[in-house]
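A quick write-up on the structure given underneath.
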Amino acid sequence: AQSVTQPDIHITVSEGASLELRCNYSYGATPYLFWYVQSPGQGLQLLLKYFSGDTLVQGIKGFEAEFKRSQSSFNLRKPSVHWSDAAEYFCAVGGQNTDKLIFGTGTRLQVFP
Amino acid sequence: DAGVTQSPTHLIKTRGQQVTLRCSPKSGHDTVSWYQQALGQGPQFIFQYYEEEERQRGNFPDRFSGHQFPNYSSELNVNALLLGDSALYLCASSLGLAANYGYTFGSGTRLTVV
């Protein structure tokens, strides 16, 4: 079965602290992996994506993610969180020859000053 | 350059009614995909339209149907509304099929079924 698991429903961090959001996937073919961010009342904004090649990918807003095939994981990281990073984060998986994305249930990030 | 435009922003309907949601894709895009995002959930793929035809479909009943017009805009229709259809409906446009997910998402239409 194709699925994405984000085990952390809600994470709270202090501004300036490091962040890691977990994502595990199950996909029958070569996965394409994504992280999106959604602010209240907004659509989804792409942070970064992985198709192939270097397993450490850099995205916008200082985010990065590492693809670990052996662990079926694609965790999102940021070394120093800003208050403006508070939002909902979604991990998603897709594949070749399709435009269908399978999303996780999301992780809500709260940032305290 | 306008992004993806969805209308209306919010909508309240009664069980059993029908609803039509609209989406104008980003300029230069010709493919429209629709996603349903229930409260506290991630988006779920409903279907995709390209060249005025449904190209891919997710696990949604036939009550969900769509249309794409020659100008690439799209409509999502839901018949016989159920309380469980209450959700944020997201439209995403892209260029071509299987084009490595070059999606641009709209802000969505919030549908409430009472």
Side-chain angles (χ1 to χ4, degrees), chain A residues 1-10 21-27 29-53 57 59-60 74 76 87-109, chain B residues 2-10 21 23-26 29-51 53-60 74 87-110:
Chain A
Q2 300 172 342
S3 65
V4 174
T5 301
Q6 293 182 248
D8 304 306
I9 296 172
H10 187 196
L21 303 183
R22 296 182 290 165
C23 172
N24 292 94
Y25 68 91
S26 173
Y27 199 74
T30 301
Y32 289 1
L33 293 156
F34 304 80
W35 276 98
Y36 284 88
V37 61
Q38 185 177 39
S39 298
Q42 301 298 311
L44 298 168
Q45 181 183 22
L46 179 67
L47 288 175
L48 47 77
K49 61 187 177 185
Y50 172 79
F51 289 167
S52 64
V57 293
I60 62 171
F74 189 57
L76 181 71
E88 188 93 22
Y89 291 80
F90 292 95
C91 180
V93 67
Q96 290 182 312
N97 303 315
T98 178
D99 286 310
K100 176 182 175 182
L101 275 178
I102 298 166
F103 285 85
T105 52
T107 297
R108 183 182 169 213
L109 175 65
Chain B
V4 176
T5 304
Q6 293 188 242
S7 62
T9 306
H10 295 83
L21 311 182
C23 173
S24 293
K26 179 181 177 179
H29 284 182
D30 58 6
T31 306
V32 173
S33 300
W34 287 91
Y35 285 81
Q36 180 196 63
Q37 185 178 11
L39 196 62
Q41 300 296 315
Q44 288 195 318
F45 179 82
I46 303 175
F47 44 51
Q48 177 190 60
Y49 276 83
Y50 175 72
E51 291 186 337
E53 290 186 12
E54 183 181 295
R55 298 293 180 156
Q56 279 190 275
R57 189 177 183 93
N59 188 26
F60 279 80
S74 176
L88 179 68
Y89 289 85
L90 294 167
C91 171
S93 72
S94 53
L95 180 61
L97 288 176
N100 293 338
Y101 299 95
Y103 279 150
T104 297
F105 279 89
S107 298
T109 292
R110 172 75 63 187

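Each chain gets a letter, A, B and so on, in the order its sequence line appears, and its residues count up from 1.
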Nearest-0.5 Å distance, CD of residue B/Gln41 to CZ of residue A/Phe90: 9.0 Å
Distance check, rounded to the nearest 0.5 Å: A/Thr98 atom OG1 versus B/Arg55 atom CZ? 13.0 Å
Less than 4.5 Å to any heavy atom of chain B: does that hold for the side chain of A/Leu46, its backbone, both, or neither? neither
What do the steps show when you test A/Leu44 against B/Tyr35 for side-chain contact (heavy atoms from CB on, under 4.5 Å), and what is the final call? CA-CA 11 Å; A/Leu44 298 168; B/Tyr35 285 81; over 6 Å; no
Atom pair CG (B/Leu88) and CD (A/Gln42), whose distance is rounded to the nearest 0.5 Å: 10.5 Å
What one should report as the nearest heavy-atom pair of A/Gly41 and B/Ser107 is O-CB, 4.0 Å
According to ring pair (Phe, Tyr, Trp, His ring centres under 6.0 Å), who are the partners of B/Phe60, at least two apart in sequence or on a separate chain? B/Phe64
Go through the atoms of B/Leu97 and report whether side chain, backbone, both or neither lie under 4.5 Å from a heavy atom of chain A. both
Indicate yes or no for a side-chain donor-acceptor contact from B/Tyr103 to the backbone of A/Asp99 under 3.5 Å, with no hydrogens or angles considered. yes
Top contributor to chain B interface from A/Gly106, A/Gly95, A/Cys91 [non-hydrogen pairs under 4.5 Å]: A/Gly95
Which portion of A/Gln6 sits near chain B, non-hydrogen atoms under 4.5 angstrom: neither
Do the two ring centres, one from A/Phe103 and one from B/Phe45, sit under 6.0 Å apart? no
Check each atom of B/Gln6 against the heavy atoms of chain A and say whether the ones under 4.5 Å are side chain, backbone, both or neither. neither
Nearest 0.5 Å please: distance from the NZ atom of A/Lys100 over to the CD atom of B/Gln44. 9.0 Å
Rounded to the nearest 0.5 Å, what separates atom OH in B/Tyr101 from atom OH in A/Tyr36? 9.0 Å
Is it the case that atom CD1 in A/Ile60 sees more than 12 heavy atoms from other parts of the structure closer than 6.0 Å? yes
